[in-house]
Structure formats: structure tokens, C-alpha cells
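Along the sequence shown, residues carry numbers from 1. Just so you know, ligand 1 is whichever comes first in the structure, and atom 1 is the first atom listed for that ligand.
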Amino acid sequence: MAPTSALYGSSPDVSRRILDDIEHQFSLDKDDLIRITSQFLEDFKLGLSEYNHPMAMIPTFVTGVPDGTETGTFLALDLGGTNLRVCEVELLGNQEFVLRQQKYKVSEALKTGEATTLFDYLADSVDAFLTEFASAVPASPTAEQANPFASPSLNDLPDPTVPLGLTFSFPVEQTALNRGKVLTWTKGFAAKNAIGNDVVQLLQDAFDRKHLHVRCVALVNDTVGALLSRAYTSGGCVLGSIFGTGTNGAFVERVENIRKLGDSPARQKGGYMVVNTEWGAFNNTRTVLPTTPYDNKVDRESINPRLQAFEKFISGMYLGEITRNVLLSLIDAAPKPLLFNGRSSKQLNTHYGLDTAVMSEVEEAWEVGRTPIVPINHDTPKEKAAPNGVVVDTASDVPNWQSAHFTDVDALSSEDIARLERIRSVIIQRLDIDAENVSLRDAAIVRWASSLVANRAAKLSGCAVAAVLVQTERAKLGGGFATDEPRISIGVDGSLIQHYPNFNARLRESLRELVGLEVEKKVDIGLAKDGSGVGAALCALQATKQGH
Ligand code: BGC
């Protein structure tokens, strides 16, 4: 039976004030959201006109999106954060694909050691994959088409070289489809002697050292991969975005707006180009981001202080750590503890000891059966069933969840008490807090803290999406204008948007506040399944066509 202690000796007023104050720090009203989105738009413009801005707005040299008719078989290598994946992707040309993949772990030592060791490991993984799994590579594209993704004749590829597309999900200043210098590491990577070097060359050198007949022909960010793969499977896409370990977005921009390309041939050619925003670095100066002491602690103790500010408010790598800081402050609250009888655990005292997945479990325990799962919007073209495209949702109804902390556990219904009991078990098991120190009220507070942090992340994510819709003239900030297009397709990937309860609904709510209901209803947020693999394959196809 859970202990029922309520306020641990603090007067209710004091406890309430402390919790109210935290809640206030994490709240964002409409004016805040508008201010943040306006700053986003300014930073987009700056990054498009000059190099060396934190919001890097990287031209990708991908000059169109696929239409689903592309064919061919390619290797893809995906280095993104949590895992390294090698895939063989067969594009079938009917908006479908077959993908076979193998995941490999990237150890902390590899992430922070010498870059050549990391790239040798990538080459070894490709070698292992080719030996064990791959079947039909090299590529065998067929029909010729009129878009940049049209299948090439591969006669000029030095046979039997296998063309490979690299998805490299870190900031890289691209100078061509197959060239780009590493700008900085993110997400806990810090391999030495990579910054400033061409990532394709680093990989190709590793292949050559191992005498592998593999040629890296294209370099792509995971957001670009999400955009391309969603376009391939669902017929068009304006934004590819990732809400996972890290966060970022890539969208299709008019080349004339990419002023920093000067009078280069790419700019003279005009048309459209995919731009990788690197929005994780938005507002590194934190002039508009709603920074709390809990965020400052995360940043100060991170591997990259003062960088990737936006990402540190949004992404799966950091949300658990922010929440851990909030919980520790309640354990240590004065004059009396407000959580767990003032006791912590080894787990909770460890840097990054609270995984965002635990927040997700806590919120799920609370939400299941309480808020309706946001349904799929049937007004937009139906997506194909798995494996190619699964709609995350396109709903217009956003549930109204309760985000306030609880002051009176005794007044809750028996269903809610059962939910709190489930959360209590998660806390005991996953945070290793002694059962005798976890009351139902503690469970409620952990749920409350998780939802504050996640809700803020989702709302800020909505600002990023809204900024792209305004930048591409599909919406006006504040609402009042909607494009004629019946559907605005956005491809997404990442653990938060896929698995965190209500992240998507909360993002949509923010979007609705920013651009109005008319636009929000048209937004079709769809999962870019296997975006990194399929996107890299599509880029490899475009590159081989260009003779790389
Ligand atoms: C990287 C981006 C990447 C994003 C999502 C960020 O940390 O800078 O390049 O797209 O994570 O993986």
C-alpha cells in the first residue's frame, strides 16, 4: 500500500507556491509562442543570406523531391545518434520500397575518440553487412524520368562499385551533393579531428583503407532523408523533421531566397532546393527561449555548453535531464522536502540518470484511457499500410489534458488512484526510489513535472513547424491566411513524436495557436518511416544520375 503522506510538513501554501512557481516557469502563452516564432523567421532569413550563423540554413544541393516512381537498389549508412545502421534499400518505383537493415552500437569511446577510429568502425560495419546481409547491390535503376531523382544509367559507375548514400545527422556545410565539412558535433558526439573535414572523404578513406568496393556518392541529413522518403511514399512533402534524440528540420526553399549562394551556378539555375535548417541551434543566445534554472544546469553540464540551445529544450536526449533537475529541486526543497520524503537514489543522482523514456512511461500510465488517442484524419489521402508509410495523425481535435499539479489526492476517482499506483511502480522500478518513500502524491508530482517539460518541448516544436509554414508562404503568423493547397505534408521521425504520449497533439495545439485552425487542419503529419535509409538511397540515385 502506498504511503499517503500529503505535504511533508510544509504548509500547503508554501508547497503550492513552490509548485506554482515551477509551473509558471514552464508555461508558454500565445504571445510567447508568437515571439519565438518571429525570431525563428528572422534567423531563417539571416542564415539564408550569410554563412556562419548558428541557424546554419545549409543548402543541400537536393533540387527537388521524388514522386514515388524512382527505382534502384542502394546501400545506405546512417549515423545519427543512438544507433548506427547499414541498410540495403530497394526502391520499387510504385511509392514502395524494400529495406533490409542491421543496427550496430556506437560506444561512448567511439563517439569521443579519434575520428579515423569512428570512420573505420563505420567501414567495418558496412563490410560486415555486405558479407552477411546484402543481396542485390550494386544498383540497378531502370526508367528515365524528368525530375532530379530520375533513374540514371549507371554505366559510368566503376563496376562493381556499390554506390552508398550516407545519412550523417550532424551539422555539415555542404558544397555539393557528395561534399561537406563537419561544422560541429551534437548529441554527445565529440570525435577528434573531424570538425572542418569533409565527411564523405573521411568515410571514403576508411572504405579505401579496407579495400571495400563501396563509393559514398551522396551525403544527406536525416531531416532531408525524412523529407525525401515521405515525398516518395506519399506524393509530396514540404518539411522533413526529427523529434528524437536531437531535433532539426529541412524544407523546400526557393533558390532565389538562398542569398548566400551568391551568383553560383546553383543559384543561377533557380528553382527549388532543400535547406537543412539545423534549428537545434536556434537562439543559442537564449534571448527568447524560456530558460529556467533547470535548463541552465543541463546546458552548463553538457558536452557543448551554449550550443544547440533549442535542441536542449526539445529533444529526447535532454528532456529526462531537465525533469531530473526539477525532481531533485523538490527533493531538496526548503524548508521541507516536497518529494520522496527528501530521499533520492543513485539512479536519480546520476547525470542523465532519468531517461526520457521513463517520462514517457509515466505519462502513458496517466493518459491511457483518459485522453482519446488523436485519431487519423481521413480527409487527406490515405496512406499505405506498413511497411512504407504509417500516418502518425492528422487530427483536428486536441485533447484537453490536465497539466496542473494535484493538491488533493484524496479527492481523486478510483481510476485515477489506479493510474497513480501504476506511476508509483514505474518510479520505484525505474528510478530505484525506496517504495516506502513514494506516496501517491509523489507519483502525481512526477507526472506533473514530466508533462510540464514535455508540453513545453512540444509547444516549442510547434513554433519551428509554424515558422516553416510561414517562410514557405503557406500560412501567416497569427492566422488569417491559408494556402489553397488541400494538404500540407510533413514527414517526421524520432522517438518523441512517435512514442511520447500526446507529443504530437500538443505540437498541433501550438501550431493551431500560431497559424490558425484553417492551416493546422491541412497539416498532414506523417511518419517518414525508415527516412534515413530511403532518403539516402534517393540521394544516391540523384548523385549517380549527376555522375558522382
Ligand atoms: C543535428 C542535426 C540532426 C538532428 C536530428 C541534431 O543534433 O545537429 O543535424 O538532423 O540532431 O537527428
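Protein neighbours of ligand 1 below 4.0 Å, counting non-hydrogen atoms: S169, F170, P171, T186, K187, N221, D222, T223, I242, G246, T247, N248, E278, Q308, E311.
For the atom pair CG (L307) and CG (N284), the distance works out to 5.5 Å, reported to the nearest 0.5 Å.
Between E485 and K522 no salt bridge is recorded (no basic side-chain N to carboxylate O distance below 4.0 Å).
For T112, the side chain to side chain contact (heavy atoms under 4.5 Å, CB included) criterion is met by A190, not counting sequence neighbours. Taking the ring-ring contact (aromatic ring centres under 6.0 Å, His included) definition, one finds that F119 meets it with nothing, sequence neighbours left out.
Taking the centre of each ring, F26 and F313 stay at or above the 6.0 Å mark.
Sorted by first and then second residue, the salt bridge (Lys or Arg N to Asp or Glu O under 4.0 Å) pairs involving residues 316-328 (not counting sequence neighbours) are E321-R324.
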